[in-house]
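Right, one structure below, let's go through it.
Just follow the structure's listing: the first ligand is 1, and inside any ligand the first atom is 1. Keep in mind that what you see is a predicted model, and the values were worked out from it rather than measured.
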Amino acid sequence: MSLLAHLLLKQSRLQPARGAIFHGDAQHASHAQWAARSAGAAQRLRDAGLAPGERVVLFMRNHPRYLELLWAAWWAGLVVVPVNAKLHPREVEWIIADAQARWAFVTPDVAPGPLAGLQRQVDAESAEADALLAPVADAAAVPIAERGPDHTAWLFYTSGTTGRPKGVMITQRNLMTMGLTYFADVDAVSRDDAIVYAAPMSHGAGLYAIPHLVAGARHVVPASGGVDPAELFALGLAHGPLSTFAAPTIVKRLVDHAHQHGLGPAEAARSFKTIVYGGAPMYVADIQRALAVMGPRFVQIYGQGETPMVATALARHHLADAAHPRHLERLGSVGVAQTPVRIRIADGQGCELPVGEVGEVLVRGDSVMAGYWRNPEATAAAIRDGWLFTGDVGCLDADGFLTLKDRSKDLIISGGSNIYPREVEEVLLTAPGVAEAAVVGASDAEWGEVVVAFVVAQPGATPTPESLDAHCLAQMARFKRPKRYLIVEALPKNNYGKVLKTALRERLAGS
Ligand code: AMP
């Protein structure tokens, strides 16, 4: 049977009356209510003709019903297709068609109109959804669908920065591995703890519901459904210190908020137990500031849709170990392989490279996807001899710490030399007055490519191209330093907090 669904039934028996899902400060469901609603919806989805293995789309902002629908789908043996709430309706329709999904649950802010290709589109806040989720008297009486470890549970569409998105088939085993690994490599969780969903639930943040349900902890969805640092700090005071998954840009906003309001590590500790960051590069200057302002409540993970949340982790104690001779390198790394996987660096032919050499990052283990949905060619290219080729470039040190360079497509080749944008970004972030930086290559007749830096100033600061250039000259090889500095209001980012370098390159090509 679907072990994921069983997690909910188990908690509903062990602690039926304890609060499970909260919307802001208010309790939305106890474990028993959650199970009764999800089981009820599972029964009705089944009665409506949805058979195990069918895909249902969730196209919603963060919402308490996200959790109820997720577990309803798993109870019925369905495959959830989580869709990024910021996608354009045309992009969602492409996913609906590719996934061959007949049903979608939406929130009206995200999907104001009907989406093409569906048989049924249910507004998760409507009376129709209330009826679907009406609790059954006995959740245990609704059979949990027979789904084995190799059945797909989560069909995650890649962000498609390199061509069409692909559906990543994440199985029950993958998710259970991810959930249990949280306890081994990220954090201990007790039933008195709570997770808050700040980042989108359609991504890793939502998957962290699994370890928190395993532990019988509470799940808090902010009333705003988004990321509002003041709201998150206040929620922590109301519920007790929260754990959360945050992209580096969210971490930055929390740290800025704490700094602006004179909150130090002691106050941060009252609101946050653990902040897991990942999904995009965290620069050394930024994590140092975060640790100084908010104290030792950070853990980094590196993963990707194809091995969700599980590749490496940089533990709290590694982040705290300032006396270690390689502390700075470790801060700039993504940590060591998480327990269920092995990590290898390979050359273009897939042959393992020695310690210290830069190559593609390969991952192998039970968190790695079954393959791409209806795309055997892409699957064969991504998984070879059991190893997932991540497309990320990096190197391992002798202790097993992985440092990511950049994705190969972001590498800049100028005058025949390889320049990793991240290195330049790390230096720019230490320049006075710089809040954010992103570096891309612009094509150039003489050099092939030249380095261009986009810089966001700190409030009230006015870094100039001259001051930035002087800083870079003092810190890095001449050939790596940007030829142009563009001071911008903000960097383009996707909903998961990743800087859209393609958009920056397009901006340069169009200028
Ligand atoms: P996604 O599939 O949307 O989760 O994106 C995964 C990609 O985000 C990875 O392949 C990396 O390029 C990047 N990424 C994830 N975690 C980290 C991290 N901790 N540091 C740097 N980049 C990361």
Side-chain angles (χ1 to χ4, degrees), residues 82-87 95 154-163 165-170 174-175 178 185-186 199-208 245-252 275-284 286-287 290 298-315 318-319 329-338 341 343 345 358 360-363 367-369 372 378 382 388-395 401-411 420-423 425-426 429 438 493-502:
V83 175
N84 178 348
K86 288 278 162 68
L87 288 194
I95 290 175
W154 179 258
L155 186 61
F156 172 81
Y157 277 79
T158 57
S159 43
T161 45
T162 48
K166 295 189 283 282
V168 179
M169 295 190 286
I170 295 298
N174 294 152
L175 292 183
M178 182 277 311
D185 297 288
V186 179
M201 295 170 84
S202 54
H203 202 238
L207 290 179
Y208 274 174
F245 173 75
T249 92
I250 301 180
V251 172
K252 210 172 190 133
I275 298 173
V276 186
Y277 65 91
M282 171 65 95
Y283 300 100
V284 173
D286 286 339
I287 188 61
F298 295 93
V299 180
Q300 179 176 205
I301 64 99
Y302 153 60
Q304 61 174 200
E306 289 83 346
T307 176
M309 310 310 262
V310 182
T312 62
L314 184 63
H318 286 133
L319 284 159
E329 284 100 304
R330 288 184 172 184
L331 283 187
S333 80
V334 291
V336 300
Q338 291 190 44
V341 297
I343 304 275
I345 302 295
V358 174
E360 184 165 359
V361 179
L362 274 46
V363 183
S367 56
V368 172
M369 66 168 178
Y372 293 111
L388 170 71
F389 283 63
T390 62
D392 289 316
V393 175
C395 61
F401 285 76
L402 175 68
T403 297
L404 292 181
K405 301 294 181 182
D406 288 273
R407 294 187 72 81
S408 36
K409 68 184 168 53
D410 290 329
L411 181 74
Y420 291 105
R422 169 132 188 205
E423 259 188 78
E425 291 158 1
E426 295 270 13
L429 281 165
K493 291 185 190 129
N494 75 8
N495 201 22
Y496 300 142
K498 289 183 214 296
V499 173
L500 296 168
K501 294 221 163 163
T502 315

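Ligand 1 is surrounded by H203, G278, G279, A280, P281, Q300, I301, Y302, G303, Q304, G305, V334, D392, L404, R407, K498, each with at least one heavy atom closer than 4.0 Å.
No side-chain N or O of Y302 forms a donor-acceptor pair with one of Q338 less than 3.5 Å apart.
In this structure, OG1 in T249 is found 11.0 Å from NZ in K498, a value given to the nearest 0.5 Å. To the nearest 0.5 Å, atoms CG (L319) and CZ (F298) are separated by 9.0 Å.
Remark: side-chain polar atoms of E426 are paired, donor with acceptor, to backbone N or O of V284 under 3.5 angstrom.
Ring geometry for H203 against F245 counts as tilted: the plane angle lies between 30° and 60°, on a 0 to 90° scale.
E306 has its side chain out of reach of F156: every pair of non-hydrogen atoms, C-beta onward, lies at least 4.5 Å apart.
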